[in-house]
Amino acid sequence: MIASFFCMYQAKFVKSIYSQHLTKQIIWFISGLLLLLLLKKVKVKFFFRYSFSFYLIGIFLLFLVLFFGHSTNGARAWFNLKFFNFQPSEFMKIALLLYLCKVTNDFKLGKIKEFFYIVKCIFITFIPSILVFLEPDTGAIVIYLLMLLSVFLLSGIKKRWFVLSFLFVFILGGGFFYLYFYKQDTLIHLIGTSFFYRMDRLIHFKDGSGMQLNNALATIGNTSMFGHGIQKELLYVPEFPTDFVFTLSISIFGFVGGCILLLCYFLLNCFFIIKFRTSKDTETKLFIHGFLYIFFYQQFQNILMNLGLFPIMGIPLPFLSYGGSNMIVYFIFIGFILNLTRKKD
């Protein structure tokens, strides 16, 4: 978070619209920390018990944002609440994972047959995925699917279901790429121009990278071992405080600072892996397992896209990128985990 504050302070010299980012980031950090401390004390099993209700609230908000949401960069994914923009797809991460854990626990207790469990989990994940597809928000879809995979891997379902799922995804993907390469007009008619051009950017991310990635790579390449510190003039990269905050941190702290940041993430990952390995409650293990998948994925995707090794997607770097919804959601996740794994008196 200290590195994030430096990045937000540097961002105001990049573009005037970033001038309030530091103040807001501090507010998000304090708000998230207070929520974490609160969740350490309350009975979070309540959230598992009523996870279906939270799931329905999340679906309602995702539906509502399509009509009344604030549009940014071609995506209608935020509610403009004046003091901050609330992103329902971030809240849905918690609601979806809680409900998937609840359903999986019921299956392990023998309350649901295996086939109906699999269909139910896919259906539960499919609904919010379709809604964020319409925003469109490609990154959220990937995260929801990772949650589904994480609970399936711990559920104990037979291996044949994974084979069938792989075949289904292979056929679906094959159909998509056939339309993309040979029937583009049909594909645009089905998914719309906005999402088509996003997919086009993902598929051809190595062809003519564009100003955003070129400037990010130039910024990293021109950085010294210990960085340049805060600069009044910096090569402009769109979405510097969010998607390309890792590039901004490298510019400030250099190669050594970047390695320290990676070490911090590595230690955080190890901490949650230990929490997962030592937990005994089924719902707790499922919840931490799902969290680990999305937490690691966001680090992996964001850092590698900053280096031009992955397609550019709207995936923030946890605790470093600017944004209230994402940061508070991760504080809530950690509050749940610390509560569920604490030693009972």
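Only a predicted model underlies this, so the values are computations on that prediction, with no experimental measurement involved.
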(request) Mind checking ring-ring contact (aromatic ring centres under 6.0 Å, His included) for Phe5 and listing every partner two or more places apart, or none if nothing turns up? (result) Phe29

Measuring only between side-chain heavy atoms, which start at C-beta, is [X] closer than 4.5 Å to [Y]?
{"X": "Leu248", "Y": "Gln10", "value": "yes"}
{"X": "Ile303", "Y": "Leu317", "value": "yes"}
{"X": "Ile288", "Y": "Thr341", "value": "yes"}

(message) Tell me which one of Phe107, Phe123, Trp161 satisfies ring pair (Phe, Tyr, Trp, His ring centres under 6.0 Å) with Tyr117.
(response) Phe107

(message) Using the rule ring pair (Phe, Tyr, Trp, His ring centres under 6.0 Å), only one of Phe91, Tyr99, Phe47, Phe60 pairs with Tyr55; which is it?
(response) Tyr99

Which pairs of donor and acceptor atoms, one on a side chain in residues 276-283, lie under 3.5 Å apart (sequence neighbours left out)?
{"from": "Thr278", "atom 1": "OG1", "to": "Ile274", "atom 2": "O", "distance (Å)": "2.8"}
{"from": "Thr278", "atom 1": "OG1", "to": "Lys275", "atom 2": "O", "distance (Å)": "3.4"}
{"from": "Ser279", "atom 1": "OG", "to": "Lys275", "atom 2": "O", "distance (Å)": "3.4"}
{"from": "Ser279", "atom 1": "OG", "to": "Phe276", "atom 2": "O", "distance (Å)": "2.9"}
{"from": "Asp281", "atom 1": "OD2", "to": "Lys45", "atom 2": "NZ", "distance (Å)": "2.7"}
{"from": "Asp281", "atom 1": "OD2", "to": "Glu283", "atom 2": "N", "distance (Å)": "3.3"}
{"from": "Asp281", "atom 1": "OD2", "to": "Thr284", "atom 2": "N", "distance (Å)": "3.1"}
{"from": "Asp281", "atom 1": "OD2", "to": "Thr284", "atom 2": "OG1", "distance (Å)": "3.1"}
{"from": "Glu283", "atom 1": "OE1", "to": "Lys45", "atom 2": "NZ", "distance (Å)": "3.1"}

(request) Could you point out which residue of Asp243, Val245, Thr242 forms a side chain to side chain contact (heavy atoms under 4.5 Å, CB included) with Tyr322? (result) Thr242

(message) Using the rule side chain to side chain contact (heavy atoms under 4.5 Å, CB included), only one of Ile59, Val132, Leu131 pairs with Met92; which is it?
(response) Ile59

(request) Decide yes or no on side-chain contact (heavy atoms from CB on, under 4.5 Å) for Leu338 and Leu36, but give the supporting numbers first. (result) CA-CA 9 Å; Leu338 294 178; Leu36 183 151; 3.9 Å; yes

Is the [X] to [Y] ring centre distance short of 6.0 Å?
{"X": "Phe287", "Y": "Phe336", "result": "yes"}
{"X": "Phe226", "Y": "Phe253", "result": "no"}
{"X": "Phe310", "Y": "Phe300", "result": "yes"}
{"X": "Tyr50", "Y": "Phe46", "result": "yes"}

More than 12 heavy atoms of other residues, nucleotides or ligands under 6.0 Å from [atom1] of [X]: yes or no?
{"X": "Gln20", "atom1": "CD", "result": "no"}
{"X": "Phe126", "atom1": "CZ", "result": "no"}
{"X": "Phe6", "atom1": "CZ", "result": "no"}
{"X": "Tyr18", "atom1": "OH", "result": "yes"}
{"X": "Tyr297", "atom1": "OH", "result": "yes"}

(request) Could you please spell out the steps behind the side-chain contact (heavy atoms from CB on, under 4.5 Å) verdict for Asn326 and Ser321? (result) CA-CA 9 Å; Asn326 182 262; Ser321 293; 5.9 Å; no

Can you tell me if [X] and [Y] form a side-chain donor-acceptor pair at under 3.5 Å?
{"X": "Ser4", "Y": "Gln25", "value": "yes"}
{"X": "Ser251", "Y": "Gln231", "value": "yes"}
{"X": "Tyr330", "Y": "Gln298", "value": "yes"}

Validation: residues 256-270 side-chain donor-acceptor distances under 3.5 Å, sequence neighbours left out:
{"from": "Tyr265", "atom 1": "OH", "to": "Pro318", "atom 2": "O", "distance (Å)": "2.5"}
{"from": "Asn269", "atom 1": "OD1", "to": "Gln299", "atom 2": "NE2", "distance (Å)": "3.0"}
{"from": "Asn269", "atom 1": "ND2", "to": "Tyr265", "atom 2": "O", "distance (Å)": "3.1"}
{"from": "Asn269", "atom 1": "ND2", "to": "Gln299", "atom 2": "OE1", "distance (Å)": "3.1"}

(request) Could you check whether the rings of Phe333 and Phe291 sit parallel, tilted or perpendicular, using 30° and 60° as the cut-offs? (result) tilted

